Amino acid sequence: MLNDTITHAERELYLTLLELAQQQPSAYEWLTRLPTWLNDIKDKANYAHAPAYQASVARLPNLTVNHVELNSDVLTVETTLSTSEHKQTMALLKQLMPWRKGPFQIGSEEGNPILIDTEWHSDWKWQRVAPHLGNLKGRRVLDVGGGSGYHGWRMAGAGADTVIILDPSCLFYHQFMAIRHFVGAADAHGTGRYRTHYIPVPLEALPEHSQLFDTVFSMGVLYHRQSPFEHLQQLKGQLVKGGELVLETLVIEGDANTVLVPHDRYAQMNNVYFLPSVAALTGWLEKAGFSEVRCVDVAVTSTEEQRKTEWMTYHSLADFLDPNDSSKTLEGYPAPMRATLIAKK
């Protein structure tokens, strides 16, 4: 028997935007575009694997869930899995590989749970960022480039009133829906309306200057943008006046004039354009019109935080570093280092 998880989640998104539009008319433009956004991500002409991903989510078993913990390092759905349910769930979730952002757990410690040990320890990034955030309770949050939704769920766990995750990946969208299937209404308001939603488009697809969100996250996106200032302006346009931007990106050591522009690839990624120093990035944010800019964390990415696992079996960070000098990438650039800056609109 197939479930209706995706249909129900998309209906919840529509109703959430409809309620929001009654308070903020700029959300009506989102509603106008929503059918196209949701149809495009499931169109086989756009994404050859879309029907298979949908089928994997639709075949996930309906389980009796005892508790969902959104505010722990491992997002955990406590449930008892029978042998057949375990086998079915494991097989279907593995059809949605590779899993890059997490971790997630389905089941209870006593009963052989399924631990989705993702490529990234996304919980480590959240541990670095969360202490510096303004209070998320009751806030409307946009998570740009949110992957499979791990950080979005953590934002809901921290009390956000509404979280909208943006990412144009067909695979990530269906991974989110797989986790949504097991989370069910655990993140819902007292009215029963879901708080955590996913729109499968890039930031630039949104109506400009919506000014709908109290907090906007952009983590791991800026270095993929050919025009970083355009990205910063687009983020600013989604924030309410006085809202908070949380920007995490690759950086290098240097002064306010230091920016690395990789000639070809960076850590084997061919879509990396600009790696500024923290001082240069601070200047970019101020030039884009943000204020109270502060750097709250700088961390070199380790091969413990990003690595190959049973759930992501392709090359990972260890394969992208110089085998004789882990402080450098294969191309000879400084190894990945990430900074988190927080600023106000």
Side-chain angles (χ1 to χ4, degrees), residues 67-78 99-106 109 113 115-139 141-161 163-167 172 175-176 179 183 186-187 195-196 213-223 235 244-251 267 278 281 292-312 316-318 326 335-344:
H67 177 68
V68 175
E69 183 52 69
L70 299 178
N71 206 22
S72 64
D73 290 343
V74 181
L75 191 153
T76 302
V77 178
E78 294 182 8
W99 287 78
R100 296 193 181 275
K101 303 294 176 68
F104 305 96
Q105 181 172 294
I106 313 298
E109 291 295 343
L115 174 64
I116 304 176
D117 186 17
T118 49
E119 177 188 16
W120 282 88
H121 260 296
S122 303
D123 49 319
W124 294 11
K125 182 181 293 189
W126 189 249
Q127 290 167 13
R128 294 194 295 265
V129 172
H132 307 287
L133 300 175
N135 193 340
L136 292 182
K137 289 189 183 302
R139 292 173 77 89
V141 179
L142 181 68
D143 183 18
V144 177
S148 57
Y150 174 85
H151 289 124
W153 292 116
R154 295 301 302 269
M155 294 163 199
D161 182 77
V163 179
I164 294 181
I165 301 159
L166 285 188
D167 200 298
F172 293 163
Q175 288 175 345
F176 170 84
I179 300 302
V183 169
D187 68 323
R195 289 186 293 131
T196 314
F213 298 94
D214 304 295
T215 306
V216 171
F217 289 81
S218 170
M219 299 194 291
V221 179
L222 185 69
Y223 51 87
L235 295 169
E244 184 171 81
L245 172 68
V246 182
L247 180 68
E248 188 259 15
T249 190
L250 290 171
V251 296
V278 170
L281 184 56
E292 300 179 42
V293 181
R294 55 197 173 101
C295 178
V296 299
D297 182 77
V298 179
V300 174
T301 305
S302 71
T303 52
E304 288 76 39
E305 182 172 1
Q306 182 189 7
R307 73 275 189 255
K308 186 185 303 185
T309 73
E310 176 188 352
W311 294 83
M312 203 300 291
S316 191
L317 180 61
S326 61
M337 179 170 66
R338 293 169 179 268
T340 302
L341 281 73
I342 295 179
K344 291 287 179 67

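These numbers come from a predicted model, not from an experiment. Heads up: numbering here begins at 1 and tracks the sequence.
- In the model, Arg139 has a side-chain atom that pairs as donor or acceptor with a side-chain atom of Thr215 under 3.5 Å.
- Here OG of Ser148 is found 8.5 Å from CD1 of Ile116. Values are rounded to the nearest 0.5 Å.
- A search for side-chain hydrogen bond (donor to acceptor under 3.5 Å, both in side chains) contacts involving Asp187 returns Arg180, Thr196, not counting sequence neighbours.
- By the side-chain hydrogen bond (donor to acceptor under 3.5 Å, both in side chains) test, Thr76 pairs with no residue at all, sequence neighbours left out.
- A search for side-chain contact (heavy atoms from CB on, under 4.5 Å) contacts involving Asp297 returns Arg128, Ala299, Thr340, not counting sequence neighbours.
- Two residues are said to be in side-chain contact when any heavy atoms from C-beta on lie closer than 4.5 Å; Val141 and Val216 fail this criterion.
- Phe176 meets the ring pair (Phe, Tyr, Trp, His ring centres under 6.0 Å) test with Trp153, Tyr198; sequence neighbours excluded.
- The main-chain N or O of Ala318 is never found under 3.5 Å from a side-chain atom of Arg307 such that the two would form a donor-acceptor pair.
- When the salt bridge (charged side-chain N to carboxylate O under 4.0 Å, His left out) test is applied to Arg154, the partners found at least two apart in sequence or on another chain are Asp73.
- Among Val144, Val163, Leu166, Leu133, the single residue meeting the side chain to side chain contact (heavy atoms under 4.5 Å, CB included) criterion with Phe217 is Leu133.
- Arg195 places a side-chain N or O within 3.5 Å of a backbone atom of Ala160 that can act as its donor or acceptor partner.
- Between Met219 and His151, the closest side-chain pair of non-hydrogen atoms falls below 4.5 Å.
- Listed by chain and number, the residues in a side-chain hydrogen bond (donor to acceptor under 3.5 Å, both in side chains) with Asn135 amount to none (sequence neighbours excluded).
- Note: Leu115 CG to Phe104 CZ = 11.0 Å, rounded to the nearest 0.5 Å.
- For the atom pair Arg100 CZ and Trp311 CH2, the distance stands at 15.0 Å (nearest 0.5 Å).
- Looking at Asp143, its side chain never comes within 3.5 Å of a backbone N or O of Ile165 through a donor-acceptor pair.
- Taking CD of Gln127 as the reference point, atom NE2 of His121 lies at 9.5 Å (rounded to 0.5 Å).
- Remark: side-chain polar atoms of Ser218 are not paired, donor with acceptor, to backbone N or O of Val221 under 3.5 angstrom.
- With sequence neighbours excluded, the residues that form a side-chain contact (heavy atoms from CB on, under 4.5 Å) with Arg338 are Trp120, Lys125, Tyr223, Glu248, Leu250, Thr301.
- From Leu281, atom CG reaches atom CG of Leu341 across 5.0 Å, with rounding to the nearest 0.5 Å.
- For the pair Phe172/Lys101, no side-chain contact is recorded, criterion being any heavy-atom separation below 4.5 Å from C-beta on.
- In this structure Arg294 satisfies the salt bridge (charged side-chain N to carboxylate O under 4.0 Å, His left out) test with no other residue, sequence neighbours excluded.
- Not a single salt bridge (charged side-chain N to carboxylate O under 4.0 Å, His left out) links Glu78 to another residue, sequence neighbours left out.
- By the 4.5 Å heavy-atom criterion applied to side chains, Gln175 and Trp99 are counted as neighbours.
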Determine whether Thr118 and Met312 satisfy the following criterion, side-chain contact (heavy atoms from CB on, under 4.5 Å), listing intermediate values before the conclusion. CA-CA 6 Å; Thr118 49; Met312 203 300 291; over 6 Å; no
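- The CG atom of Asp214 sits 14.5 Å away from atom NZ of Lys137, with the distance rounded to the nearest 0.5 Å.
- In this view, Ala335 and Leu321 satisfy the side-chain contact (heavy atoms from CB on, under 4.5 Å) rule, not counting sequence neighbours.
- Under the 3.5 Å distance criterion, the side-chain polar atoms of Glu244 are matched with a main-chain donor or acceptor of Gly134.
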If you apply the rule side-chain contact (heavy atoms from CB on, under 4.5 Å), what do you find for Leu245 with Ile342, and how did you get there? CA-CA 6 Å; Leu245 172 68; Ile342 295 179; over 6 Å; no
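- Take Glu310 and apply the salt bridge (charged side-chain N to carboxylate O under 4.0 Å, His left out) test, not counting sequence neighbours, and it matches Lys94.
- The side-chain contact (heavy atoms from CB on, under 4.5 Å) test applied to Ala130 returns Trp126, not counting sequence neighbours.
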Decide yes or no on side-chain contact (heavy atoms from CB on, under 4.5 Å) for Glu119 and Gln306, but give the supporting numbers first. CA-CA 6 Å; Glu119 177 188 16; Gln306 182 189 7; 3.2 Å; yes
